[in-house]
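Hydrogens, waters and symmetry mates are skipped; everything else that's a heavy atom, side chains included, is used. Throughout, a chain's letter reflects where its sequence line sits, starting with A, and its residues are numbered from 1.
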4 protein chains.
Amino acid sequence: MDVPAGEPRRLAAVAVVLPEGVTPPGTRGRILHEALALYAESGFHGTSIRAIASRVGINSATLYSHYPSKAHVLAELVLIGHRELHARLTAALATHAAPAEQLTALVRAHVQLHTDFPLLAVVTDSELHALPAELSAPALELRDACRRMLLDVLRRGSEQSVFRMPDLVLAATAIGGMGMRVAHWFGPDQPYTREQVAGSYAHFALRIAGAEQP
Amino acid sequence: MDVPAGEPRRLAAVAVVLPEGVTPPGTRGRILHEALALYAESGFHGTSIRAIASRVGINSATLYSHYPSKAHVLAELVLIGHRELHARLTAALATHAAPAEQLTALVRAHVQLHTDFPLLAVVTDSELHALPAELSAPALELRDACRRMLLDVLRRGSEQSVFRMPDLVLAATAIGGMGMRVAHWFGPDQPYTREQVAGSYAHFALRIAGAEQP
Amino acid sequence: MDVPAGEPRRLAAVAVVLPEGVTPPGTRGRILHEALALYAESGFHGTSIRAIASRVGINSATLYSHYPSKAHVLAELVLIGHRELHARLTAALATHAAPAEQLTALVRAHVQLHTDFPLLAVVTDSELHALPAELSAPALELRDACRRMLLDVLRRGSEQSVFRMPDLVLAATAIGGMGMRVAHWFGPDQPYTREQVAGSYAHFALRIAGAEQP
Amino acid sequence: MDVPAGEPRRLAAVAVVLPEGVTPPGTRGRILHEALALYAESGFHGTSIRAIASRVGINSATLYSHYPSKAHVLAELVLIGHRELHARLTAALATHAAPAEQLTALVRAHVQLHTDFPLLAVVTDSELHALPAELSAPALELRDACRRMLLDVLRRGSEQSVFRMPDLVLAATAIGGMGMRVAHWFGPDQPYTREQVAGSYAHFALRIAGAEQP
DNA sequence: CATGAATGAGCATTCATTCAT
DNA sequence: AATGAATGAATGCTCATTCAT
């Protein structure tokens with residue numbers, strides 16, 4: 001029931017994009033790019049240090065001049081992804097004060113992160129568990145903060161009777177879950193723009209929350 | 001924004017459960033069980049044939065008396081998962097004729113598959129891409145059939161003006177996506193029963209579809 | 001300088017032929033046939049017990065009802081080959097009393113063994129060394145007897161001044177060596193009959209021995 | 001009828017010798033040496049990468065820093081062997097213009113290659129078929145060129161009525177075959193020098209060709 | 001006689017990582 | 001910063017052989 005047509009690849013997107021400003025320059029940045037492409041396609045355990053190095057055009061030993069281990073490369077990607085999500089959600093939340101507008105902004109931001117950086121989102125969501133606890137901890141804190149933002153908005157909307165939903169936490173899981181999945185099917189082969197998807201999903205979120213319909 | 005509290009594990013569930021009647025007997029079935037546990041926790045590439053064999057209590061070479069390769073073990077799991085989903089959705093669809101009731105039944109079935117067999121669902125959804133095309137093909141056909149069931153119900157509901165949504169396909173991706181994610185957080189550590197989750201999610205789906213609210 | 005055109009296969013012939021009367025009946029005989037084909041093509045170490053069993057159409061365990069080990073199958077082939085050679089050479093020697101006629105008969109028999117049973121000859125010559133000493137011993141005795149037959153004929157011819165050659169042993173190695181190589185290139189793809197090859201090689205042997213030319 | 005006394009070993013020689021100047025330096029060269037010894041004794045399939053590495057004194061993984069596969073090690077040996085043969089035959093041919101002298105030089109060179117590098121000759125002749133076609137192709141071309149050199153000399157000798165033989169191609173197979181076999185029995189345990197063997201075999205070749213005897 | 005399941009040892013190869021240069 | 005060589009451990013898988021049925 002993952003809707004757009006089923007190909008065996010893990011995601012539909014191809015372009016390897018990282019948020020601006022956060023990618024380190026030079027070889028270190030190229031390592032990050034190529035690792036992202038491979039981790040997204042084949043997963044952390046399915047990707048070898050040699051495969052990354054080969055795509056970068058360096059010797060695999062050289063990678064260790066830039067990162068202390070294969071896991072640290074993933075950790076940096078996972079952290080970049082979570083930081084970008086957290087920053088966007090924080091900014092979205094600040095644009096409005098009313099829960100309905102905040103929920104809209106939050107979901108739009110969440111979805112657009114997944115349309116703008118689908119590879120990063122897939123890696124951030126699906127490969128985090130491959131990291132040892134001490135490397136995933138910073139990302140997990142950000143993830144928790146993001147989760148609380150959504151729950152807070154839903155709670156305030158409920159308290160103000162702007163929202164009406166059977167269960168707050170379940171609504172949050174539903175809204176979060178549908179957004180995360182976008183990274184897997186969004187890509188150049190389907191007809192929607194990022195704004196269309198984000199807008200529709202924000203609309204769905206309002207409906208899930210039981211917001212008064214305009 | 002994956003809501004219940006963040007631990008580094010890939011899913012919250014622990015019990016290894018497979019649908020009744022489809023698990024082969026004897027050693028072959030035990031291999032399937034232990035492989036499911038490991039594939040769910042560490043992924044296909046993160047799981048070694050020796051790790052599976054060791055949990056089963058057999059020599060790793062013995063595994064090859066039952067499956068021709070590591071990938072065939074995954075292929076059987078993935079196929080079982082898709083078959084169970086397809087069977088449940090088909091049965092759900094048959095219980096009613098009206099789109100709203102059908103959508104409710106469909107989403108309840110979809111969600112309950114993810115609460116009843118969370119490990120299988122995670123493997124089915126996340127590890128399918130590790131298979132060579134010829135091994136994933138049967139599952140992909142079933143997946144496509146499931147996708148069409150959901151789209152058909154939404155389409156008929158729209159045509160009968162029972163549903164009202166901005167875009168049919170996007171609604172389907174949202175409904176499907178939120179259900180798939182359930183496998184990751186549902187487990188013994190959270191307070192909801194399978195019926196509560198299924199009921200709430202069916203409710204959310206109706207709202208996403210813009211169904212007339214009672 | 002192995003003359004007919006160079007293909008990567010080990011020998012040109014294809015038909016799997018064993019001497020009449022010596023092949024055991026039933027499954028045991030079929031094992032011998034298929035083992036011969038595989039040992040000739042890929043060598044003892046390059047052939048697995050399962051490959052033999054698969055060609056025979058039996059389970060690999062069944063092979064052990066007929067032979068105590070993989071090496072014993074080879075040992076039987078090697079012994080059959082040496083027995084056939086020894087029998088033919090003995091018969092050839094008995095047909096005449098004069099050294100020149102004896103040498104002719106001996107070389108014709110030697111060459112024809114290699115044209116009649118090229119696979120067996122290749123296995124007999126090239127795979128014997130893969131056997132443990134106790135399994136190869138009976139064949140080695142026969143091989144030694146064959147060697148002595150040739151040397152004796154050459155010696156008697158020399159003593160009677162029918163032959164005239166720089167060195168007896170070296171002549172024997174040359175005559176033996178050229179005959180052994182026949183198994184590698186003789187086959188249906190080249191224009192000579194077994195009689196033509198045998199006749200020419202016998203002629204060459206007489207010349208090597210420095211026999212009076214008719 | 002392989003004449004010098006029968007031991008179960010594949011060849012009588014022990015010293016591992018490779019042509020000067022062509023062996024790569026350092027670890028790569030040592031790998032080549034030890035692989036030659038083992039391939040000659042036990043064949044390609046009977047030799048493990050670990051056995052080679054152990055004789056070299058390196059970890060088996062280190063071998064892959066020098067050769068991409070076990071087959072590539074054999075391919076290099078087989079190519080060295082064929083190159084050396086081709087070079088020696090070419091040089092031999094150039095020393096004289098008359099067919100009889102050319103045949104003598106050719107056979108002396110052929111035989112001496114087998115006395116000087118018996119292990120290499122055995123591997124070159126007997127293990128080539130274990131290579132995939134693309135790895136054996138360069139050697140097969142050289143082998144073909146060598147074959148044509150011998151045939152050309154025999155043909156010119158026949159045309160000039162210096163040689164007189166029943167069949168050109170069969171004479172070539174005989175001359176080539178007897179030379180190849182030398183690698184198997186020549187060694188420290190027998191009384192002939194390389195020059196004695198080469199001289200006698202050249203003499204035999206002239207007789208096979210039916211050359212006018214001085 | 002034949003089998004399917006089982007095994008311990010071994011296979012070629014790849015792994016992430018280290019280190020001297 | 002970058003490399004080629006090196007390594008110990010591990011990879012998926014095949015080996016010849018055994019054994020209960």
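Under the rule for a side chain to side chain contact (heavy atoms under 4.5 Å, CB included), the partners of C:Ala51 that lie at least two apart in sequence or sit in another chain are C:Leu38, C:Ser48. By the side chain to side chain contact (heavy atoms under 4.5 Å, CB included) test, C:Ser54 is found to be paired with no residue, residues two or more places apart in sequence or in another chain being considered. Residues meeting the side chain to side chain donor-acceptor pair (under 3.5 Å) test with A:Thr62, sequence neighbours left out: none. Scanning for ring pair (Phe, Tyr, Trp, His ring centres under 6.0 Å) contacts around A:Phe117 gives an empty result, with sequence neighbours left out. For C:Arg83, there are no salt bridge (Lys or Arg N to Asp or Glu O under 4.0 Å) partners at least two apart in sequence or on another chain. For A:Arg50, the salt bridge (Lys or Arg N to Asp or Glu O under 4.0 Å) criterion is met by no residue, not counting sequence neighbours. For B:His33, the side chain to side chain contact (heavy atoms under 4.5 Å, CB included) criterion is met by B:Val16, B:Leu18, B:Thr23, not counting sequence neighbours. The salt bridge (Lys or Arg N to Asp or Glu O under 4.0 Å) test applied to C:Arg28 returns C:Glu76, not counting sequence neighbours.
DNA chain E lies under 4.0 Å from at least one heavy atom of each of the following residues of residues 22-34 of chain C: C:Thr27.
Within the structure, a side-chain polar atom (N or O) of A:His66 is placed less than 4.0 Å from OP1 or OP2 of F:dA2. Listed pair D:Thr62 / F:dT7 meets the phosphate criterion, a side-chain N or O lying under 4.0 Å from OP1 or OP2.
For D:Ile58 and F:dG8, the CD1 to C1' distance is 14 Å, given to the nearest whole Å.
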Quiz prompt | Letter per nucleotide, 5' to 3', of nucleotides 14-21 of chain F [B base touched, S only sugar-phosphate touched, - untouched; heavy atoms, 4.0 Å] | solution = BBBBBB--
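Listed by first and then second residue, the salt bridge (charged side-chain N to carboxylate O under 4.0 Å, His left out) pairs that reach into residues 123-135 of chain B are B:Arg10-B:Glu127, B:Asp125-B:Arg143, sequence neighbours excluded.
Residue B:Leu63 is out of contact with every strand shown, counting any heavy-atom pair closer than 4.0 Å.
Stem analysis of DNA chain F (at least three stacked-register Watson-Crick or G-U pairs, each with both distances under 3.5 Å) gives E:2-21 with F:2-21.
Side-chain atoms of D:Ser136 come within 3.5 Å of backbone atoms of D:Ala133 as a donor-acceptor pair (strictly under, hydrogens ignored).
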